[in-house]
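Remarks on the structure that follows.
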Amino acid sequence: MRTAGVYPNHFTFSAVLPACASTSILVHGQQMHCLISKHGYEGYVFVGSALVDMYAKCHDMGLAEKVFVALPERNIVCWNSMIVGCLLNSFHVKALFLFREVRREDLFSPNQVSFSTVLSASANIGALEFGKQVHGVVVKQGLLTLSYVKNSLMDMYFKCGLFDEGALLFNSLGIENRDVIAWNVMSMGCVYNENFEEACNYLWVMKRAGISPDEASYSTALHASAHLAALDQGTLIHNQTIKSGFSTNTCIASSLITMYAKCGSLDDACRVFEEIDNPNVVCWTALIAACQQHGNGNHVIKLFEKMLADGLKPHYITFVCVISACSHTGRVEEGHAYFNSMEKVHGIIPGHEHYACMVDLLGRSGQLDEASKFIAQMPIKPNASVWGALLGACAKYGNLEMGSEVAGRLFELEPDNPGNYILLANMYAHKGKLREADHVRRLMGMNRVRKEPGCSWIDVKNKSFVFTVHDKLHARTDEIYEMLKKVKELVTNKGYVPQTQFAVNSAEELKEESLWYHSEKIALAFGLLALPAGAPIRIKKNLRTCGDCHTVMKFASEIWKREIIVRDVNRSHHFRNGLRSCRDYW
């Protein structure tokens, strides 16, 4: 256009700037800004708002604000560009402040874009009271009927933990007024509030209402299935994504990888990844996280190096998985190298998760003093996850002096976490200091902290069967305990030795027998009875599985020629032909 001798005007620039914003290439936008200045169009209000939007979407809020402040006049579009920019760049408090300024100037009323954006900002920082005030203004201005605003209100209430208020707004929408976004917000609200079964159900209700799910719908339902470890449900959703033409969508593919991994089927997760034409960093990270969760630390390192070789830039979560994999495979030097490369090579500032992984890395290898020094030298204040990693290492190596000091810090940081009390009490008990162990347990009672009862569950023919310690409520109890006797006899013949240190709340003479009433062993016996010969046995547990159960699963996988997957609160443990995926370094 310019080479043809036709000069751009303010309409031209208003059209070109959004294209620069879409590419997120800052230098192109800056070149356009120079041309705008040369042609004297900087003072035009809609050119100025397009410049603010462009800089915000190119993630330079400093330049966006300079343009905004320099505008000779501003309309609601300019204000909205700035507020939306703050939301996009996670300056949520700034977004709330700008909205207040719009209201204070009282030159023009905020519109649905203003309200929707500020409600999203309120949701992201849990600013419930501010969100309620915005709700009041929305009602006063008669904008509650707009689906755009109502969806944002629902999202705000869900993210702030007021599920009933969000659900009430959803139910107030007539079925004909519920678009796919409203259904998605409702499903995600269920996920935020841990109503995972309801979240899955809303996908099918949506379809019956004649609404075609989009990628957000499927990703949310897959996320819920992953939390439930509901493989059959996740497989049905996978089937629907293929029928709906979403099989090549990278967002859904990464959700599928996570779902299969958390349901204990790493092979299926890998197959999904292999079918992606051009996997992005999210897909790579999903697969790396899947392998790390299943104890395949060596494969995690190979995948990470392959991702770097393909020219992809890792992000924050990628390094959490990689350093954790180094921790679980004893790669201390490599873990240090990856941690140091974060800021120096990739420009990523380490967060608490990375420091916790590094403390775990040192602690697992027995370097407790080095781990303690590492915490002392942290540039950020250590949180509970960092101290928790050190406490776990102290428990593993029996360092009671350091462990009691670390536990004291954790009691201050998270007084309601029963795990810290139990670890310390068990450390005292293992050292024969029963009085001190009883004192810690009494402290739990004084602080009204209760340990969640351990339970394991297993799916057979689309039905979940839940077992607790010493469970005798199942209809096939007699058969289950007969099978347990058989398991005990056969694994003992294979060389099993009871690890009585994992029976901490039993009398000495009863410790060995009490190990055989752990919920995951009862679930294993039921799985051997109820599942077809050769079928994988997938057991889920709400707490960490103990070392004795870990050993029994290993022997059972060899004796019955079964693949056994135990997903506990921390990771998935694979047992096949008498081998463990974690190679006992867990």
Side-chain angles (χ1 to χ4, degrees), residues 197 225 228-236 260 262-268 294 453-499 502-503 506 510 512-569 571-581:
E197 289 184 15
S225 300
L228 293 168
L231 182 60
D232 291 339
Q233 180 75 249
T235 306
L236 282 173
Y260 278 120
K262 289 194 173 181
C263 290
S265 186
L266 185 60
D267 290 343
D268 286 320
H294 283 257
C455 67
S456 299
W457 62 100
I458 183 170
D459 296 333
V460 177
K461 294 181 180 178
N462 294 325
K463 187 176 179 182
S464 293
F465 296 87
V466 182
F467 298 95
T468 56
V469 175
H470 235 299
D471 200 307
K472 292 190 176 181
L473 297 175
H474 196 276
R476 300 179 69 179
T477 292
D478 291 341
E479 293 177 77
I480 290 169
Y481 279 87
E482 279 299 315
M483 177 58 78
L484 263 181
K485 285 182 184 177
K486 186 177 179 181
V487 172
K488 182 178 180 181
E489 180 185 338
L490 291 174
V491 298
T492 301
N493 292 340
K494 277 282 185 180
Y496 160 75
V497 177
Q499 299 173 59
F502 295 107
S506 303
L510 298 175
E512 185 175 330
E513 181 155 355
S514 71
L515 288 171
W516 284 94
Y517 299 126
H518 284 191
S519 62
E520 53 267 62
K521 289 193 182 83
I522 298 173
L524 170 67
F526 177 67
L528 291 168
L529 285 170
L531 290 168
I537 297 175
R538 292 185 170 90
I539 299 167
K540 281 83 76 174
K541 185 168 183 181
N542 64 331
L543 304 175
R544 192 170 187 259
T545 191
C546 82
D548 189 76
C549 291
H550 206 257
T551 302
V552 168
M553 299 293 172
K554 180 188 80 167
F555 285 120
S557 71
E558 183 181 10
I559 294 165
W560 274 273
K561 306 298 180 190
R562 299 257 197 152
E563 182 183 9
I564 301 172
I565 304 105
V566 180
R567 175 189 160 181
D568 68 15
V569 71
R571 61 197 300 109
S572 291
H573 308 267
H574 270 253
F575 307 89
R576 185 182 290 168
N577 298 323
L579 299 174
R580 319 180 220 200
S581 59

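Here, residue 1 is the first one in the sequence, and each next residue gets the next number. Since the model is a prediction, treat every value here as computed from it, not as a measurement.
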Measure from the side-chain N and O atoms of [X] to the backbone N and O of [Y], and report whether any donor-acceptor pair falls under 3.5 Å.
X	Y	result
Ser572	His294	no
Arg538	Asp459	no
Lys561	Asn577	no
Ser225	Ala230	no
Arg562	Ile537	no

Smallest separation among heavy atoms of Arg576 and Glu563, with atom names:
NH2-OE2, 2.8 Å

Pro498 to Asp548 - nearest heavy-atom pair and separation:
CA-OD1, 3.7 Å

Listed partners of Trp560 passing ring-ring contact (aromatic ring centres under 6.0 Å, His included), at least two apart
none

List the residues meeting ring-ring contact (aromatic ring centres under 6.0 Å, His included) with Phe467, not counting sequence neighbours, and say none if there are none.
His474, Phe526

Contacts of Ser456 that satisfy side-chain contact (heavy atoms from CB on, under 4.5 Å) - sequence neighbours left out:
Ser519, Glu520, Ala523, Ile539, Lys541

Flag for [Y]-[X]: side-chain donor and acceptor within less than 3.5 Å:
X	Y	value
Thr468	Asp471	yes
Tyr260	Asp267	no
His573	Asp568	yes

Compute the ring centroids of Tyr496 and Trp516, then answer whether they are less than 6.0 Å apart.
yes

Is it the case that more than 12 heavy atoms not belonging to Gln499 sit under 6.0 Å from its CD atom?
yes

